[in-house]
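All chains are named by letter (A, B, ...) in the order of the sequence lines, taking the proteins before the strands, and each is independently numbered beginning at 1.
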Amino acid sequence: MLKFLGRRIFMMLISAICITFVVFFLTNLAPNLEKVAKSEAGSRISDEEVASWLEKNGYTQPLLKRYGEWLGVAPGWTWSDENGVTTGRCIAPGSDPVTTPRYCGILQGNWGNSNVFKSPVSTVIGKRLSVTGVLMFWVMVTMVPISLLIGVMAGMREGSRTDRALSSFSIASTATPEYVSGVIMIVIFASSVTGLKWFKGTSASDVSDITFQNFFLPVATIALYGIGYIARMTRASMTEVMTAQYIRTARLKGVSFRNVVLKHALRNALIAPFTVIMLQFPWLLNGVVIVETLFNCKGFGWTLVQAAGNNDIQLLLGCSVIAVLVVLVTQLISDIGYVFLNPRIRIS
Amino acid sequence: MTATAWDPSQPILEINNLSISFFTRLREIPAVMDFSCTVMAGEAMGLVGESGCGKSTVALAVMRDLGKNGRIVGGSIKFKGRDLTNMNEEELRHIRGSEIAMIYQEPMASLNPAMKIGAQLAEVPMIHEGMSKDDAWTLARQIVADVRLPDPDRILKSYPHQLSGGQQQRIVIAMALMSKPALLILDEPTTALDVTVEAGIVDLVKDLGEKYGTSMLFISHNLGLVLDVCDRLCVMYSGEAVETGAVADVFDRMQHPYTQALFRSIPLPGADKNSRPLISIPGNFPLPHERPNGCNFGPRCSYFTAGLCDKADVPMVDIGGHDRHGSRCLRVDQIDWAAPPPAKAAIEKGEIGPVVLRMEDVRKYYEVSSGMFGGGAKKVVKANETLTFEAREGETLAIVGESGCGKSTFAKVLMGLETATSGKIMLYDRDIQSTPIEKRDTGTVSGVQMVFQNPFDTLNPSMTVGRQIIRALEIFGQGANDQERSARMLELLDLVKLPRAFADRMPRQLSGGQKQRVGIARAFAGGAKIVVADEPVSALDVSVQAAVTDLLMEIQRKNKTTLLFISHDLSIVRYLADRVMVMYLGHVVELGTTDQVFSPPYHPYTEALLSAVPIADTRVKRKRIVLEGDIPSAMNPPPGCPFQTRCRWKSHVAGGLCEKEMPPMRTLAGGHQIKCHLSDADFAGMEPVIQIAAE
Amino acid sequence: MDALSWGAICATILKQFMPVWIALAATFALSISFKRRLGLYGKLFDSTVGMIGFGIVMFWVFTALFAPMIQMYDVLTQIAQLKNKVPGTALPDGAGYYILGGDHLGRDVFSRVVAGSRVVIQIAPLATMFAFMVGITLGLPAGYYGGRLDTGLSFLANLVLAFPVILLFYLLVTPEIVKTGLPQYIGVVLFAMPLLFLVLLTNSRFYVTPGFRNMLVGGILLIGGWAYLSLIGEADTRVNLLPAALDFIHMPGNILIVFVSVVFVNAPTVFRIVRGIVLDIKTRDYVSAAQTRGERPWYIMLWEILPNARGPLIVDFCLRIGYTTILLGTLGFFGLGLSPESPDWGSTINAGRKLLTIAPHPAFVPALALMSLVLGLNLLADGLREESMKD
């Protein structure tokens, strides 16, 4: 088990390095850097000035070296200008170059500065992440139990009326992407058309201002899409299990239907959906971005859009690190959970 | 409980005129028609028939578990005098598991993979008798010991996948016995198991039946097995019971043409491919919605009389003078049942030519590494060890052994799908050992071909039959153009006795036997000189087996093909093989002519194997040798002789030699080879396992 | 002129869709009468769910086909007086109505949605097809050979799956990155897959008759290669391979990015599915039979294994067209996909959402259209799955 875990974590780190490198590469392509130079040093500067600015700020070093610096495994660049003033990646303006550490990357906790928000990336992301965290928490709390319940109820008796009703609901909900259900919900519950105005169509950007009124619609929007998907997976898995030979064995042992479902079918049927729930995270992130844009909720997804839209390299890199970590950690949890739920794998 | 009102002299189970249908969108498909049978207390009733005859449907109807589409459309099923057909779910629940228990074909599938064995066993008395958890576990432990499983405590705490197939089936049996049912239904309980394991299970079932006084409904396609287990039997054909009676009556004084044809088509001792060939049943099993008028067996029956047998449904008639013996035949009194079968012309023995294939000391080891990146200890699986033999032109060499004995690896190595670790494979005078199939020339590839086991798997389901044969011709470089190839393809269909119209059919439109014929045609497309037949008939119904075997023999005679016949079925091996090679855990343990192998001296494993194979002949007396335990895994074979863990002769060898040293291959009289430490005196003292009582 | 009542609006819409109704009726009548002879497609008409799904999907297919006949006004004509007007509002010159109202620029919502179906119906299946080709071409050898190749490809697939999709879109569509030609280079690789697939497919089967093979493969390479070069090359970009006279396919940069994104998102999942099926099928005896008669690996993969994997793949294809439609909408929603003027549903929803609380219909109508199409595809997939399992 420990060996398995170690290998998984090793693979996870490799994946994280690969993905962040791709993002690093894409954000550090020449035209992007030129744009950064112009936005930092003035938009009307000549090509030579751009080149010298880039050189002064360490952007002309080989890509791998810069990636290493960003990661914190290569020493940060330093640059001494003709006045003898030394600047560098790790040297805060006005501080003494001698006392500063040589390495300052992600690993040392230095995530760089955001150009858009004019503050350290770590603070920006931390603040925004908490909003999204609350959102996701409620999404999970509503989505998982509801979808599992629907899936199990539908799959329990394949072809029954309950099955048809619940399956229709889940198919309809998977067919409704967040931006459609969000639009529909706003029209129905928050616009002047129906006049219901039960909930607010926009959410607050602040964690302290979370109320049922302004968080209900975004949570419902994200959860709705996920519910359908997970419920269908659960149903498929449940119907498959219910036709298995060992369920017949249990039934012919005289086990009551209730216990057949609860004691014999459920655990086997939950193995597959568990993986699905965990793999939902990358898609949830997608949904989060859409919903946060739609409801003007200033969370992580919103920040990602801002960073990407404004070519804020450091922030974008920070966001991608978070996104990739979330995805990979959930994959890890899903693997472990799978092993835990499935004795066939656990023991061999 | 009405059980008290039931008189033990009355039947436990009484099925009267039962009819069951399955309802699909298109039509009603009758699965069982007018089925009656009675099981008395303590009696074992066998239900025999080919696949699709409705025997399992009867069992499920007794359990009232026919699924959504199945329905009982007529008749009654009385269990201890109470009619099961009109019971509600709640009443059924009390009977299921406590009074009637069932044992299934696939032990692995019938155990819950996510529940511990103990919990699955203890559940039964907890539901039906309200037993406390601790008591139930104690009982479970006791029953597990009863089914002769070692270390019950460890077994109770393990999950199903940690046990071997034989152990799992014992657990399923234990589960059925947990609340001492009055009736036990066994649906092909040993089909998925190896013969030597099967023998142990059959013994267990018989003993437990006697010990607990349980009645049994034993469903099987294997007549030999029924003879071993049952008191009475009922032969089914296409949804109907055609003959029922005491085992001795049905076996020796059969009164239905189907039963007779069935017995004539299975290889019993005494049958011989040249002098007394099997008689296969012509035609095919009718599909449920294509049953003929009148007698279902009519179109395939040699006693068929037009105007009589195809008129109206045939009723079951009682045969006078026998014990509850019935037959569903209108001509039962007109047929001379004792008349010998119309003599099929004896065929001249095929000539055996020079050596075409020689294997010398072939070894095949696999390295198995656990872990994704080669981490973890490497293990060597020795799939084949020092394989040495030769095969001659026109000869049939049977390779016998149970699962894991290395026969499929041997086939792969010969075909070139894998290369051997060491040794020599000489095809004529070329060494092809280290030549994988991609590097073999077309002549070699088309000269060594294979016939596969599973007819449902052997043909690509999305290509027409003709196209598949033509593809083989293309690959083997036969024919100059498409016209020539399709002409050759039609000839091949003729060769395997299939109508030419089959060329345009999809495999799903063919029956199992027909598919197997196409597989044979494909193997002979390039004029194969050596054909490896990997259990070519074991998945077919008995009545079809004979026809396919005959076909293989006939083509062999015509083409002088060398046939390497891989099988676990010793009856068929005795029938068609010229020489036999017995394998166990990768080793050849015995090699000799068919007569040498089937008579003493034996290798102890061959002896056990012979004794384990059920034979459907009341005259045959078999010595019971039941092997202990399971076949060891090839991953960690036992030290010394591979068979020493299960060998009953081990004590005859002094000094524990069997556990220390691999025995040498010894050559006895007539080139008969045995790999064993036993002394010549021990060999000389061996008694034959099978004896045919004098008539 | 007065505004139309809701009844009149419905009647007008039904009338406008007349060609679609006729085509649908014809399709159903023909299919149902010959359903026993049409294989899996015919069996679809035994399942209510499948029929409903097929009906909805075909509704949009026919709408796309007959869009010029159905739509009432030009999709870009703006009438200032009709900005955000409710459904049924009459035109200022009295010549007709905006039956589903006007959007924020005063364009006809109904016509835009109808025209939008064309964009969706053209791009979604095609893009999904490319994703399948890529997934299949990589999944087959991964499953068949196993070992290092499998480990490597699976790792790559997991890597792409772990990549935050949204980030990928943003990165790919930035003008600076487009200028470097990166999406085009990715396209160069991805679009080569179908060509590779076709060549492998024909070569593996016909190599036994070299003459015929050479002709066939040559033809495919010539025509396919021309289409390929023409597809990836675009004047005034980094990849400009063919002279303008020969370059007959013009794919605007935006659509290329959409294709690349769709392939990126879907191919790893298809890869996984294919790999899984191959792992199962390769243990079958007919695969061993092919091996023992000395077939080459690609023949076995493409002609022995792939045709038998078609059931689950067709079902997944339907589902995935739905996801692609959603993805197209997502791209449109972020303003990343097609041009902002394009009538495709995602972009229209995006344009309309800002004024949702005042005038919901410009976003609501395309939202419903998109939902119904995806729903239809899902139901169709369900029906197909159910029917294919009944065999």
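If you measure heavy-atom distances from B:Phe456 to chain C, you find no contacts under 4.5 Å at all. Proximity to chain B is absent for every atom of C:Arg148, based on heavy atoms less than 4.5 angstrom apart. Only the side chain of C:Thr209 comes within contact range of chain B, judged by heavy atoms closer than 4.5 Å.
Annotation: B:Lys364, atom NZ; neighbour count of heavy atoms from other residues, nucleotides and ligands within 6.0 Å is above 12. Annotation: C:Arg213, atom CZ; neighbour count of heavy atoms from other residues, nucleotides and ligands within 6.0 Å is above 12. Taking a 6.0 Å sphere around CD1 of C:Ile223, one finds it holds 12 or fewer heavy atoms contributed by other residues, nucleotides or ligands. Taking a 6.0 Å sphere around CZ of B:Arg505, one finds it holds more than 12 heavy atoms contributed by other residues, nucleotides or ligands.
Atom CE of B:Met463 and atom CD of C:Glu304 lie 4.5 Å apart (nearest 0.5 Å). In this structure, CD on C:Glu295 lies 3.5 Å from CD1 on B:Ile475, to the nearest 0.5 angstrom. Note that OH of C:Tyr207 and CD of B:Glu474 are 9.5 Å apart. Values are rounded to the nearest 0.5 Å.
Of all the heavy atoms in C:Thr292 and B:Met450, the pair that sits closest is CG2-SD, 4.4 Å. Between B:Arg522 and C:Ala289 the shortest heavy-atom distance is NH2-CB, 3.3 Å. When every heavy atom of C:Gln291 is checked against every heavy atom of B:Ile437, the shortest pair comes out as O-CD1, 3.1 Å. Of all non-hydrogen atoms in C:Tyr286 and B:Leu459, the two that sit nearest each other are CD2-O, 3.2 Å.
No side-chain donor-acceptor contact under 3.5 Å links C:Arg284 to the backbone of B:Asn460.
In this structure the side chain of B:Arg471 never reaches within 4.5 angstrom of the side chain of C:Trp303, judged on heavy atoms.
With C:Asp285 as the partner, the side-chain contact (heavy atoms from CB on, under 4.5 Å) test is satisfied by one option alone out of B:Asp534, B:Asp457, B:Val451: B:Asp457.
B:Ser462 and C:Asn308 are linked by a side-chain donor-acceptor pair at a separation below 3.5 angstrom, with hydrogens and angles left out of the test.
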